[in-house]
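See structure below.
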There are 2 protein chains.
Amino acid sequence: MFSKACEYGIRAVIYIAANSNEGRRVSLKAIAKHIDSPEAFTAKILQILVRHNIINSVRGINGGFEIEKQNLDVILLADIVKAIDGDQIYKRCGLGLHACSEAHPCPVHYQFVTIKNGLRTLLETTNLKTLALEVNSGLSFLKI
Amino acid sequence: MFSKACEYGIRAVIYIAANSNEGRRVSLKAIAKHIDSPEAFTAKILQILVRHNIINSVRGINGGFEIEKQNLDVILLADIVKAIDGDQIYKRCGLGLHACSEAHPCPVHYQFVTIKNGLRTLLETTNLKTLALEVNSGLSFLKI
DNA sequence: TTAAATTGAGATAATTTTATCTTAATTAAA
DNA sequence: TTTAATTAAGATAAAATTATCTCAATTTAA
Ligand code: SF4
Ligand code: SF4
């Protein structure tokens with residue numbers, strides 16, 4: 001569904017969001033440990049997310065990553081996926097073709113459209129606040 | 001969604017099915033040309049499909065690939081995907097986690113379940129006959 | 001029987017993705 | 001001001017995926 005980089009990115013952002021929601025900034029080391037991801041690779045992904053203004057970074061002692069609390073409800077899962085994998089997941093043809101589409105739909109075209117719309121809706125309606133609250137309430141677990 | 005190998009595989013099988021449906025065996029060269037795929041790589045993918053008894057191959061002059069006509073309605077898109085990519089596409093967690101699942105579902109869990117069930121249904125209910133007929137009737141196009 | 005046309009299989013190469021390493025820049029505390 | 005703790009950035013490496021090449025095996029036709 002998503003690339004590994006994107007999965008790490010989603011998990012990292014959820015972890016950062018859950019902590020930002022409670023006023024804590026978290027370090028790369030803590031993030032990688034909690035989401036069970038390779039530290040250096042995770043750093044690269046976080047850099048992408050910083051450049052896309054999805055998360056903020058602070059260097060130096062007591063530095064780390066955080067998300068402004070007022071942004072927790074406006075940042076969507078779709079923003080993370082788009083920043084890392086692009087938005088072709090739910091735009092491309094399911095069979096990898098290019099030109100047929102609506103004009104000459106194959107037998108599975110509309111089923112694929114439905115599936116991709118479902119995915120788009122999921123990504124575009126789920127904000128970080130929702131996910132952060134879930135983690136804060138102890139109901140979901142990011143690691144393993 | 002699927003790997004490139006899997007996309008080529010699906011397109012190749014549909015092309016073979018459409019021709020087998022009309023009693024024609026097709027060569028690797030013809031397949032690669034019609035589905036617009038790299039010939040040698042396509043050969044590797046076809047080998048996998050032969051080993052999985054999804055298609056038959058015949059060597060030598062006038063050889064090529066074919067599917068027994070009576071199998072066209074029993075072979076499903078799911079069989080191709082499973083042979084090439086495995087069945088984790090609709091089994092894995094959408095966020096790449098491992099153990100949470102039903103016991104402690106995150107806010108998007110059931111939406112992912114729905115999406116993956118839709119994909120499974122699509123793959124497990126679409127047989128080659130359906131796709132072949134569509135191609136034979138000129139309604140869908142495999143190349144570009 | 002020989003030659004030509006095919007697929008099969010294994011080795012190799014190219015590309016992309018994933019991952020790591022090294023050094024620089026920044027920040028805060030000692 | 002110096003040092004330690006952090007992220008940033010670029011180079012490099014490892015692994016996976018995609019793609020190609022070479023030769024063997026098979027089949028049919030000449
Ligand atoms: S008609 Fe079928 S092959 Fe064409 S874009 Fe739609 S799903 Fe893909
Ligand atoms: S609860 Fe969420 S993270 Fe866990 S398996 Fe389900 S979708 Fe994945």
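None of these values were measured; they are calculated from a predicted model. Quick note: numbers below take in every heavy atom, side chains included, and nothing from hydrogens, waters or symmetry partners. Order of the sequence lines sets the chain letters (A, B, ...), proteins ahead of strands, with each chain counted from 1.
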Please state how far atom CG in A/Leu46 lies from atom P in C/dT20, giving the value in whole angstrom units. 14 Å

Starting from P on C/dT6, measure out to CZ on B/Arg24 and report it in whole angstrom. 16 Å

Could you work out which one of D/dT7, C/dT6, D/dA9 sits closest to the side chain of B/Ser27? C/dT6

Students often get this wrong, so: under 4.0 angstrom with heavy atoms, is B/Arg25 touching a base, only sugar-phosphate, or nothing? nothing

To the nearest angstrom, how far is B/Ile45 atom CD1 from D/dA19 atom C1'? 10 Å

Could you check how far NZ of A/Lys4 sits from P of C/dT20, rounded to whole Å? 12 Å

Let me know the distance between CD of B/Glu39 and C1' of D/dT22, rounded to the nearest Å. 15 Å

In whole angstroms, how far is the C1' atom of D/dA29 from the CD1 atom of B/Ile61? 5 Å

Closest heavy-atom pair, B/Leu49 versus B/Ala83, reported as atoms and distance to 0.1 Å, is CD2-CB, 4.3 Å

Of the options D/dT7, C/dT7, C/dC21, whose atoms approach the side-chain atoms of A/Ala40 most closely? C/dC21

What is the distance, to the nearest angstrom, from the CG atom on A/Asn62 to the C1' atom on D/dT3? 14 Å

Comparing A/Val58 with B/Gly64, nearest DNA chain C nucleotide closer to 5' gives the residue B/Gly64

Looking only at side-chain atoms of B/Arg59, point me to the closest of D/dA5, D/dT26, C/dA19. D/dT26

Distance-only, no hydrogens or angles: does the A/Asp85 side chain make a donor-acceptor pair with backbone N or O of A/Ser3 under 3.5 Å? yes

May I ask you to decide if B/Arg92's main-chain N or O and B/Lys116's side chain share a donor-acceptor pair within less than 3.5 Å? yes

Test side chain to side chain contact (heavy atoms under 4.5 Å, CB included) applied to A/Val108 and B/Ile10, B/Leu122, B/Thr125, B/Leu123, the passing residue: B/Leu122

Of all the nucleotides listed (C/dT7, D/dT18, D/dT7), which has the minimum atom distance to the side chain of B/Phe41? D/dT18

Using OP1 and OP2 only, check whether a side-chain N or O of A/Ser57 sits under 4.0 Å from D/dT6. no

Between B/Asn127 (side chain only) and B/Thr130 (backbone N and O only), is there a donor and an acceptor less than 3.5 Å apart? yes

Can you tell me which nucleotide in D/dA29, C/dG8, D/dA9 comes closest to the side chain of A/Gln47? D/dA9

Check every atom of D/dT7, C/dT6, D/dT18 against the side chain of B/Ala5 and return the nucleotide holding the closest atom. D/dT18

Identify whether any heavy atom of A/Lys44 sits under 4.0 Å from a base atom; if not, whether one sits that close to sugar-phosphate; answer base, sugar-phosphate or nothing. base

Figure out the OH/C1' separation between A/Tyr8 and C/dT17, and round it to whole Å. 11 Å

